[in-house]
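Everything below concerns the one structure shown next.
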Amino acid sequence: MRSRPLPGDRSDDATVHRMIRVDHAGEYGAARIYTGQLAVLGRRGKADLIRHMRDQEQVHLDTFNATVADRRVRPTVLLPFWHLAGFALGAATAALGERAAMACTVAVEETIDAHYTAQIDRLGSTEPALRETLEKFRGEEREHRDIALANEAERTPGYRLLSAAIRAGCRLAIGLSERL
Ligand SMILES: [Fe+2]
Ligand SMILES: [Fe+2]
């Protein structure tokens, strides 16, 4: 528990605020990706799986919405952009078919898994409550990746190229959302 600010706390605070800002942005984007997928595939065979993942992302987002408010973190100014870009990515991959939607899920969830792992390592023994949240969410992101792999993500035509493009986009989104 943090009592009053001490000299040297500032940089830690700034670091943790950046973490919360980007995690909030990421969960916001993830929820929008699955909403975009459902807009296209909502009546198809994989809809229940996608809905399950979307519902978990909504819980992740609700958690970070509360954290942003509690800790007075400034959300990224890019939220309106992630609103559109997340939906567009979900809908566009879904329009290519259920396998392409699953390929998108693998690329996104693996990137988020690596991102949460880096944050967890960085927090070490500080911020135990935040760390516990990240570990729980990371477990669910890995579950999403596994669902997508089990549903033929890798059989999408052009899988490697599609996957590389989405990963690069996600890493760019992470870098921008930490700073802006
Ligand atoms: Fe999530
Ligand atoms: Fe996820």
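Just follow the structure's listing: the first ligand is 1, and inside any ligand the first atom is 1. These numbers come from the heavy atoms of this one structure, side chains and all, not from hydrogens, waters or symmetry mates.
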query: Checking salt bridge (Lys or Arg N to Asp or Glu O under 4.0 Å) for the pair Glu140/Lys136: CA distance, chi angles, key distance, verdict?
result: CA-CA 7 Å; Glu140 292 174 354; Lys136 176 170 189 289; 3.4 Å; yes
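- Sorting the N, O or S atoms of Glu141 by how far they are from the Fe ion (ligand 2) puts OE1 first.
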task: Check the pair Glu135 / Arg131 against salt bridge (Lys or Arg N to Asp or Glu O under 4.0 Å), numbers first and verdict last.
output: CA-CA 6 Å; Glu135 285 173 347; Arg131 189 188 156 122; 3.1 Å; yes
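- When distances from the Fe ion (ligand 2) to the N, O or S atoms of Glu57 are compared, OE2 comes out shortest.
- The aromatic rings of Phe64 and Phe137 lie perpendicular to each other, with more than 60° between the two planes, well past the 30° mark.
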message: Determine whether Trp82 and Ser177 satisfy the following criterion, side-chain hydrogen bond (donor to acceptor under 3.5 Å, both in side chains), listing intermediate values before the conclusion.
response: CA-CA 10 Å; Trp82 302 146; Ser177 299; 2.8 Å; yes
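- With respect to the salt-bridge test (charged N to carboxylate O, under 4.0 angstrom), the residues Arg99 and Glu152 qualify.
- Backbone or side-chain N, O or S atoms of His60 reach the Fe ion (ligand 1) at under 2.8 Å.
- At least one N/O/S atom of Glu27, from backbone or side chain, sits under 2.8 Å from the Fe ion (ligand 1).
- Among heteroatoms of the N, O or S kind in His144, ND1 lies nearest the Fe ion (ligand 2).
- The distance from the Fe ion (ligand 2) to the nearest N/O/S atom of Glu109 is under 2.8 Å.
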